[in-house]
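These notes concern the structure reproduced below.
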Number of protein chains: 2
Amino acid sequence: MTTVETVTDATSSWDPYERGCPSRDLLDRIGDKWSILVLGELGEHGTSRFTELRKRLSGISEKMLTQTLRALERDGLVLRTVHAEVPVRVEYELTPLGHTLRGPLRGLTEWSLRHMAEVLAAREAYNARAEQTG
Amino acid sequence: MTTVETVTDATSSWDPYERGCPSRDLLDRIGDKWSILVLGELGEHGTSRFTELRKRLSGISEKMLTQTLRALERDGLVLRTVHAEVPVRVEYELTPLGHTLRGPLRGLTEWSLRHMAEVLAAREAYNARAEQTG
DNA sequence: GGTGGCTACTTACCGATGGAGAGTTGCCAG
DNA sequence: CTGGCAACTCTCCATCGGTAAGTAGCCACC
């Protein structure tokens with residue numbers, strides 16, 4: 001009884017502040033620690049292989065890299081191409097949809113870089129206050 | 001014995017792609033599911049009380065709301081004011097630093113709203129492919 | 001022809017994190 | 001002295017993330 005077919009357009013009726021809304025899950029997924037970094041890397045370096053990504057995202061485990069890439073692929077943000085060579089070569093790159101996320105994501109990373117010092121200062125101030133008041 | 005890690009130099013040398021870099025943790029914190037929503041709510045509604053936030057962010061547990069607000073307060077993004085009344089009234093609002101995050105965060109939420117349909121379509125396509133090959 | 005090596009994963013195990021919900025504190029009305 | 005409100009705080013349990021070892025397919029080397 002509803003006209004659901006016009007969804008391709010604007011923000012329609014999604015609301016991340018409502019429990020159970022898919023947009024909340026999506027926000028969680030793209031705001032994920034490793035997703036942000038993987039998308040950022042693929043955005044800057046273009047097509048990359050599995051081991052390249054693992055090296056550049058220092059500290060990520062193979063399990064999490066696989067898991068993150070799979071999730072991004074499933075959501076249409078990353079394209080995975082398997083070259084049947086020996087040994088196997090698998091390449092990852094952003095889809096057009098994935099590229100549209102670069103802007104928003106860059107906004108986040110730039111903010112964290114720009115305001116890092118202020119946040120660290122706030123933490124020290126908070127800790128100092130905590131020590132005084134007990 | 002003050003073990004204060006004086007992170008001396010300026011903001012320019014942070015790199016979230018490096019393990020152990022504080023900017024990676026910060027990115028993780030502000031990209032956190034509940035942090036995004038709490039900051040978004042405080043940005044839109046201005047000063048809010050604990051129970052107001054809990055109602056608006058439907059689905060958040062009290063534990064996570066407290067935890068998220070504490071972390072945001074510690075990082076200097078949210079100001080917490082206790083009014084010694086009966087019953088106690090606690091109000092939360094964004095700090096000036098917190099306000100600077102609204103833009104980047106809005107970028108993310110708007111992206112997820114705008115591209116929700118495409119992502120859902122990609123998931124269905126992925127599942128269909130998985131059924132064929134698997 | 002068995003061994004080792006390469007790439008891209010999987011799997012097993014375990015400590016940390018998140019969700020549900022009951023308990024706590026302080027104070028005042030009844 | 002019991003009940004109720006606001007803002008937590010605590011406990012239990014399921015899921016998640018990290019570590020590290022194992023797997024599969026194929027080929028070069030011995």
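Chain A is the first sequence line, chain B the second, and so forth, proteins listed ahead of strands; every chain is numbered from 1.
- To the nearest angstrom, P of D/dG18 lies 12 Å from CG of B/D25.
- Residues B/L65 and B/V38 meet the side-chain proximity criterion, which asks for heavy atoms closer than 4.5 Å.
- If you check every strand for non-hydrogen atoms under 4.0 Å, B/R54 touches nothing.
- Taking CZ of B/R49 as the start and NE2 of B/H83 as the end, the distance is 8.5 Å to the nearest 0.5 Å.
- You'll find that the side chain of A/V86 is closest to D/dC26, out of C/dT7, D/dC10, D/dC26.
- At a threshold of 4.5 Å between non-hydrogen side-chain atoms, the residues B/D15 and B/S23 do not count as touching.
- For A/R70, counting side-chain heavy atoms from C-beta on, the closest listed nucleotide (C/dT10, D/dC5, C/dC6) is C/dT10.
- B/I36 pairs in a side chain to side chain contact (heavy atoms under 4.5 Å, CB included) with only one of the listed residues (A/D28, A/L27, A/L108), which is A/L27.
- Put simply, CE on A/M64 is 17 Å from P on C/dA16, counting in whole angstrom units.
- Taking atom CG of B/L57 as the reference point, atom C1' of C/dG19 lies 15 Å away to the nearest angstrom.
- Not one side-chain nitrogen or oxygen of B/R89 sits closer than 4.0 Å to the OP1 or OP2 atom of D/dC8.
- In this model, a donor atom of one side chain and an acceptor atom of the other lie less than 3.5 Å apart for A/Y92 and A/R80.
- Contact annotation: the side chain of A/L26 approaches that of B/W111 to within less than 4.5 Å [non-hydrogen atoms, C-beta and beyond].
- Each of A/K63 and A/P87 lies near DNA chain C, and the nucleotide nearest A/P87 is the one positioned closer to the 5' end.
- Of all the residues in residues 26-51 of chain B, B/R49, B/F50, B/T51 reach under 4.0 Å from DNA chain D with at least one non-hydrogen atom.
- Residue B/E124 places its CD atom among 12 or fewer non-hydrogen atoms of other residues, nucleotides or ligands, all under 6.0 Å distant.
- The side chain of B/Y92 places an N or O atom within less than 4.0 Å of a non-bridging phosphate oxygen (OP1 or OP2) of D/dC8.
- Closest to the B/E62 side chain, of the nucleotides C/dA12, C/dA8, D/dT9, is D/dT9.
- A sub-4.0 Å separation between OP1 or OP2 of C/dC9 and a side-chain N or O of A/R80 is present.
- In this structure, A/I60 places its CD1 atom 16 Å from P of D/dA20, rounding to the nearest Å.
- As a whole-Å value, the separation of A/Q67 CD from D/dG18 P is 9 Å.
- Rounded to whole Å, atom C1' of D/dT9 lies 13 Å from atom CG of B/L65.
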